[in-house]
Amino acid sequence: MLPARSRLTRRDEFASVIRRGRRGGRSRLVVHVHRVPGGSGPRAGLVVSKAVGGSVVRHRVARRLRHLVAPRLDALPSDALLVVRALPPAADASSAELAEDLDGGLRSALRKLSGSVR
RNA sequence: CGAGCUGGCCGGGCGGCCGCGUCGGCGGUCCCACCGGACCGCCGCCGAGGAAAGUCCGGACUCCGCAGGGCAGGGUGGUUGUCAACGGCAACCCGGGGCGACCCGCGGGAAAGUGCCACAGAGAACAGACCGCCUCGCACGCAGGUGCGGGGUAAGGGUGAAACGGUGGUGUAAGAGACCACCAGCACCCCGGGCGACCGGGGUGGCUCGGUAAACCCCACCCGGAGCAAGGUCAAGAGGUCCGGUCGCGAGACCGGGCUGCGCAGGCGUUCGAGGGCGGCCCGCCCGAGCCUGCGGGUAGACCGCACAGAGCCUGCCGGCGACGGCAGGCCGAGAUGGAUGGUCGCCGAACGGCGCGCCGUGAGGCGCCCGGGAACAGGAUCCGGCUUACAGGCCAGCUCGUCCG
């Protein structure tokens, strides 16, 4: 799972990643990636709002996403910040389905990122 | 064996691989004058619920206040206990339901006052003559009687949740607690029992009095306010001011440091006193030079609180009908802060489903096998005691009623 060091914790970091980062949307989730100079390893955060479901459902979705994000984090550059925002259909999706959407969202966000930077 | 009542408990299990958080230990790297700290790795312990939920009560804890008194406001509502406390719990009382085990009750006062009682019905709260019954007068008629008008009457009919006690008799033109007996009910008094709510018995009285207080209200008792974003420490901070330095002829600009903690506008006020203590108001007392409103701006980071030896949990004994209390021994049980307790695979698996197969039974159906299926409600966030609500299903104990056998 995600060690504490590679988590996003600050409110303004979340805000800037969602606001200024590159988006990759899928039906069950949205991936935001932003590069901040001086980063010491990629970090990630999750957003699961009340629209997704009750407390039990939200926690289940967050746990599954955490497990899915962890191995994919190594593939990102060390100055990357990642935010995965779950949408209501994620509530009753399996881990395999979430993985599919995560990979797809990540791919298109990274493509936009490399296009804009260069 | 069937039907039921009550109480308690559990609420998916096992394993492989990969992970997360707190704490502890060991090792390494780095910072450091010291104390110590940061990061990494390995090992070990522990790591969601019976409701963690709703946030409905009660407390612990923290801050504000403590000079009071009155009014207002809120809460509770049979009694006696129990508890840190409670609107909780226990036992009992009363009323209602059930053959019973048991269950249900927002259970003070309606004879202090006020309000409200739909529809139906003639009439609904100082009752009420629609039909009926009785009687008087007049008219008609030989008569039984009929019609019109006046009066008496709550026994009967009909309406209603409810029609102003019930049954029998005396009485009367017909009737009526008008009177009498018994019964029910009410008020008061006496005796006995019980800590008490209340129960049992007797007497007297006028003869009878509706419901609603989760309508106002009355009575008794209780109640300061805000809440862990409480609160504390540190850091940062916009602006102001002072000192020093640099640049500049100068106005000033920039840098560093100290103190303070913002700026602008408007209003009210400084012994004719705003405002605060004071929370709704008043009186009183004390403090007293600032306070209020609008606009703009800043902060919401870290640590402590906070992971706690406690109204703690488990076992046994004792007291008590019980809630609970006492004593002895043992145990230490999550602590995150964008929020850990998981992901994935395999095996086993309850409910449930199947024109499936076999056996038993007259039958509804039951049992076994096979196949499918794959677990309810729901996750801490300062901590406890309760209440309420949600919940697939399972287990245990005690008790009641019925049937059969002995």
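Numbered from 1 within each chain, the chains take letters A, B, ... in sequence-line order.
In this structure, B/C405 forms no base pair with any nucleotide, since neither Watson-Crick nor G-U wobble geometry is met with both distances under 3.5 Å. Under the Watson-Crick or G-U wobble criterion, with both distances below 3.5 Å, B/A381 is left unpaired in every strand shown. With both pairing distances under 3.5 Å, B/A397 is matched to B/U6 as a Watson-Crick or G-U wobble pair. When both pairing distances are held under 3.5 Å, B/C186 makes a Watson-Crick or G-U pair with B/G205. When both distances must be under 3.5 Å, the Watson-Crick or G-U wobble mate of B/C216 is B/G113. Pair assignment for B/C20 gives B/G47, based on Watson-Crick or G-U wobble hydrogen-bonding distances that are each under 3.5 Å. Base pairing analysis places B/A38 opposite B/U29; the two distances defining the Watson-Crick or G-U wobble pair are each below 3.5 Å. In this structure, B/C369 forms a base pair with B/G356, meeting either the Watson-Crick or the G-U wobble geometry with both donor-acceptor distances under 3.5 Å.
Considering every non-hydrogen atom in both A/S6 and A/P42, the closest pair reads CB-O, 3.7 Å. Of all heavy-atom pairs between A/F14 and A/L46, the closest is CE2-O, 3.8 Å. Across A/V52 and A/A86, no two heavy atoms sit closer than the pair CG2-O, 3.8 Å. Nearest heavy atom pair, residue A/V69 against residue A/A44, reads CG1-CB, 3.8 Å.
The side-chain contact (heavy atoms from CB on, under 4.5 Å) search around A/A51 returns A/S49, A/P88, not counting sequence neighbours. Qualifying side chain to side chain donor-acceptor pair (under 3.5 Å) partners for A/R60, counting only residues two or more places apart in sequence or in other chains: none. Considering only residues two or more places apart in sequence or on other chains, A/R64 meets the side chain to side chain donor-acceptor pair (under 3.5 Å) condition with none of them.
Rounded to a whole angstrom, the distance from the C1' atom of B/C92 to that of B/A51 is 32 Å. Taking atom C1' on both B/C199 and B/C99, the two are 27 Å apart, rounded to the nearest angstrom. On the C1' atoms, B/G263 is 6 Å away from B/G239, given to the nearest whole Å. Of the C1' atoms belonging to B/A90 and B/G7, the separation is 15 Å, rounded to the nearest Å. Rounded to whole Å, the P atom of B/G333 lies 49 Å from the corresponding atom of B/A3. Comparing B/G211 with B/A163, their P atoms sit 13 Å apart, to the nearest whole Å. Distance noted for atom P between B/U135 and B/G165: 27 Å (whole Å). The P atoms of B/A178 and B/U153 are separated by 12 Å, rounded to the nearest whole Å.
In textbook terms, a nucleotide whose glycosidic angle is within 90° of 0 is syn, while B/G354, being further out, is anti. Annotated as anti: B/G335, whose glycosidic dihedral deviates from 0 by more than 90°. Nucleotide B/A90 carries an anti base; the chi torsion (O4'-C1'-N9-C4 or O4'-C1'-N1-C2) is more than 90° from 0. By the rule that a glycosidic angle within 90° of 0 means syn, B/G74 does not qualify and counts as anti.
Considering CG of A/L81 and CG of A/L76, their distance stands at 10.0 Å, rounded to 0.5 Å. Between the NE2 atom of A/H34 and the CG atom of A/D79 there is a distance of 10.0 Å, given to the nearest 0.5 Å.
One finds a side-chain N or O of A/S95 lying less than 4.0 angstrom from the OP1 or OP2 phosphate oxygen of B/U344. A close approach under 4.0 Å does occur between a side-chain nitrogen or oxygen of A/R63 and OP1 or OP2 of B/U341.
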Nucleotide N/O to protein N/O under 3.5 Å, stretch nucleotides 38-42 of chain B:
from, atom 1, to, atom 2, distance (Å)
B/C40, OP1, A/R5, NE, 3.1

Polar atom pairs (N or O), protein with nucleotides 335-339 of chain B, under 3.5 Å:
from, atom 1, to, atom 2, distance (Å)
B/G338, O2', A/L8, O, 2.5
B/G338, N2, A/L46, O, 3.3
B/G339, OP2, A/R66, NH1, 3.4

Give me the distances for all protein-to-nucleotides 49-56 of chain B N/O pairs that come in under 3.5 Å?
none

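By the 4.5 Å heavy-atom criterion applied to side chains, A/R35 and A/P77 are counted as neighbours. A/V84 is not listed as a side-chain neighbour of A/L68, based on a closest heavy-atom distance of 4.5 Å or more. The side-chain heavy atoms of A/V61 and A/L65, taken from C-beta on, include a pair separated by under 4.5 Å.
Taking atom NZ of residue A/K50 and atom P of nucleotide B/G379, one finds them 11 Å apart after rounding to whole Å. The distance from atom CG of A/L68 to atom C1' of B/G343 is 8 Å, rounded to the nearest whole Å. If you measure from atom CG of A/L73 to atom P of B/C18, you get 20 Å, rounded to the nearest angstrom. A straight line from CG of A/L98 to P of B/G342 spans 18 Å, rounded to a whole angstrom.
Comparing B/G380, B/G343, B/U341 by their nearest atom to the side chain of A/H67 picks out B/G343.
The stretch residues 99-109 of chain A participates, sequence neighbours left out, in these salt bridge (Lys or Arg N to Asp or Glu O under 4.0 Å) pairs: A/R28-A/D101, A/R72-A/D103.
Annotation for A/L87: hydrophobic cluster partners, listed by chain and number, are A/V30 (ILVMFWY side-chain heavy atoms under 4.5 Å, direct or chained).
Closest-nucleotide positions on RNA chain B for A/S55 and A/A62 were compared, and the one nearer the 5' end corresponds to A/A62. If A/R64 and A/V57 are placed on RNA chain B by their nearest nucleotide, the residue sitting closer to the 5' end is A/R64.
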